[in-house]
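Working notes, beginning with the structure itself.
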Amino acid sequence: MPNLPNNTLVPAARVPIWDKVTNFVTREWYRWFYNTYIAVEAGRRYGSFYSTTTFTPTVINTAYAITFNNTYERADGSELVYGVYVGPVTSQIFVDNTATYNFQFSAQLKETGGGTKQIYIWPRINGVDVADSATNVTLANGLNAAAVAAWNFVLNLQAGDYFELIYSANSTNVSIPYVAASSPVPAIPSVILTVTSCVGG
């Protein structure tokens with residue numbers, strides 16, 4: 001919970017929460033509830049993004065940044081973002097508020113050449129790898145072996161910082177594919193990324 005000011009400056013025991021004359025919450029408690037809501041809302045940030053690009057490494061053991069070319073929408077058609085946004089370089093996810101953020105992703109992984117392949121995924125902040133953050137996924141079931149990488153990173157970012165999701169593979173016979181819709185199944189993004197700020201971060 002954020003550090004909230006004592007907006008009433010009156011101990012709760014001395015001020016009733018309900019005004020018997022007006023039949024509404026008392027002015028002091030209304031002020032406290034309102035200011036508490038504003039303080040919490042000011043720290044709330046989120047964004048939900050996905051990619052319709054198929055990613056295939058062209059060079060083994062080389063770091064590549066995942067790009068995002070779509071944003072999920074609200075019911076009214078507006079983008080489902082608040083204070084979190086894709087930058088001009090579409091691998092870079094910026095935040096406008098200093099906070100701790102939960103970056104959750106899922107990525108489809110596919111092996112196309114047979115044999116055993118290794119894919120590594122990790123985060124970067126402002127172009128710098130986050131220490132001790134990579135995970136290895138092994139595709140070992142032969143031709144067209146597939147897996148889903150899905151986990152999260154809880155990271156502290158300053159206002160104006162950006163996050164990137166990076167991958168590398170020991171073979172060029174792997175991909176992170178986008179799959180078009182095929183009734184009754186909707187399209188499958190190659191990567192989905194959801195970002196939310198943590199209360200009290």
Side-chain angles (χ1 to χ4, degrees), residues 1-3 43-51 53-72 81-113 115-141 145-178 188-201:
M1 191 72 174
N3 292 323
R44 182 177 66 105
R45 296 291 188 274
Y46 56 82
S48 188
F49 315 99
Y50 65 99
S51 180
T53 300
T54 292
F55 301 96
T56 303
T58 55
V59 180
I60 67 170
N61 301 323
T62 300
Y64 293 95
I66 298 291
T67 58
F68 296 91
N69 58 3
N70 286 277
T71 300
Y72 284 103
V81 297
Y82 180 70
V84 180
Y85 57 95
V86 178
V89 177
T90 58
S91 65
Q92 299 175 353
I93 307 298
F94 283 84
V95 300
D96 73 351
N97 191 51
T98 298
T100 298
Y101 292 86
N102 187 7
F103 295 86
Q104 298 177 286
F105 80 93
S106 65
Q108 292 211 123
L109 309 178
K110 186 175 182 181
E111 187 273 327
T112 58
T116 299
K117 307 295 188 295
Q118 308 288 333
I119 300 176
Y120 300 85
I121 300 174
W122 69 94
R124 282 180 178 170
I125 297 177
N126 299 332
V128 178
D129 294 337
V130 176
D132 303 310
S133 64
T135 297
N136 165 245
V137 179
T138 299
L139 298 175
N141 293 321
V148 174
W151 55 87
N152 68 302
F153 307 101
V154 176
L155 303 168
N156 188 261
L157 276 70
Q158 302 293 305
D161 285 352
Y162 67 86
F163 166 94
E164 289 180 290
L165 188 63
I166 309 298
Y167 81 97
S168 179
N170 69 351
S171 171
T172 57
N173 290 322
V174 297
S175 66
I176 307 175
Y178 168 75
I188 305 173
S190 53
V191 183
I192 296 172
L193 177 69
T194 301
V195 184
T196 54
S197 58
C198 304
V199 175

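All values below come from the heavy atoms of this structure, side chains included, with hydrogens, waters and symmetry mates left out.
Nearest heavy-atom pair, Pro189 versus Gln108, reported as atom, atom and distance to 0.1 Å: O-CG, 4.0 Å. Here the closest heavy-atom approach between residue Arg45 and residue Gly83 is recorded as CD-CA, 3.4 Å. The shortest non-hydrogen separation linking Val95 to Gln158 is CG2-O, 3.6 Å. When all heavy atoms are compared, the tightest approach of Pro57 to Ala169 is CG-CB, 4.1 Å. Closest non-hydrogen pair, Val154 versus Cys198, comes out as CG1-SG, 4.5 Å. In plain terms, the two heavy atoms of Ala149 and Leu109 that are nearest each other are CB-CD1, 4.0 Å.
Residues Val86 and Ile93 meet the side-chain proximity criterion, which asks for heavy atoms closer than 4.5 Å. Residues Ile66 and Phe68 have side chains in contact (heavy-atom distance under 4.5 Å, counting atoms from C-beta outward). Side-chain atoms of Phe49 and Val191, non-hydrogen and from C-beta on, never get closer than 4.5 Å to each other. Between Pro123 and Leu155, some side-chain heavy-atom pair lies under the 4.5 Å cut-off. No side-chain heavy atom of Thr54 sits less than 4.5 Å from a side-chain heavy atom of Ile176.
Rounded to the nearest 0.5 Å, atoms OG1 (Thr112) and CG (Asn173) are 4.5 Å apart. Rounded to the nearest 0.5 angstrom, Ile166 CD1 and Thr62 OG1 are separated by 12.5 Å. Between atom OG of residue Ser91 and atom CG of residue Asn69 there is a gap of 12.0 Å, rounded to the nearest 0.5 Å. Interatomic distance, CG of Asn97 versus CG of Leu157, reported as 10.5 Å (0.5 Å rounding).
Listed by chain and residue number, Tyr85, Tyr162 satisfy the ring pair (Phe, Tyr, Trp, His ring centres under 6.0 Å) test with Phe94 (two or more places apart in sequence, or in another chain). With sequence neighbours excluded, the residues satisfying salt bridge (charged side-chain N to carboxylate O under 4.0 Å, His left out) with Lys117 are Glu111.
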Problem set entry | CA sep, side-chain torsions, deciding dist, call: Thr135, Ile121, side chain to side chain contact (heavy atoms under 4.5 Å, CB included) | CA-CA 6 Å; Thr135 297; Ile121 300 174; 5.6 Å; no

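Counting only distance, with no hydrogens or angles, the side chain of Thr172 and the backbone of Thr58 share no donor-acceptor pair below 3.5 Å. In terms of modelled atom types and a separation under 3.5 Å, the side chain of Thr67 and the main chain of Thr90 share no donor-acceptor contact. Remark: the backbone N or O of Thr194 is not paired with any side-chain donor or acceptor of Ser48 at under 3.5 angstrom. Between the side chain of Gln104 and the backbone N or O of Asn152, no donor-acceptor pair lies under 3.5 Å. Looking only at distances, a side-chain donor or acceptor of Tyr64 sits under 3.5 Å from a matching main-chain atom of Val59.
Aromatic ring orientation, Phe163 versus Phe153: tilted (interplanar angle from 30° to 60°).
A cation-pi arrangement is found for Arg44 relative to Tyr82, the charged atom lying closer than 6.0 Å to the ring centre and inside a 45° cone about the ring normal.
Partner Trp151 forms a ring-ring contact (aromatic ring centres under 6.0 Å, His included) with one of Phe103, Trp122, Phe105 and no other, that one being Phe105.
Side chains of Asn136 and Gln118: a donor-acceptor N/O pair is present below 3.5 angstrom, by distance only.
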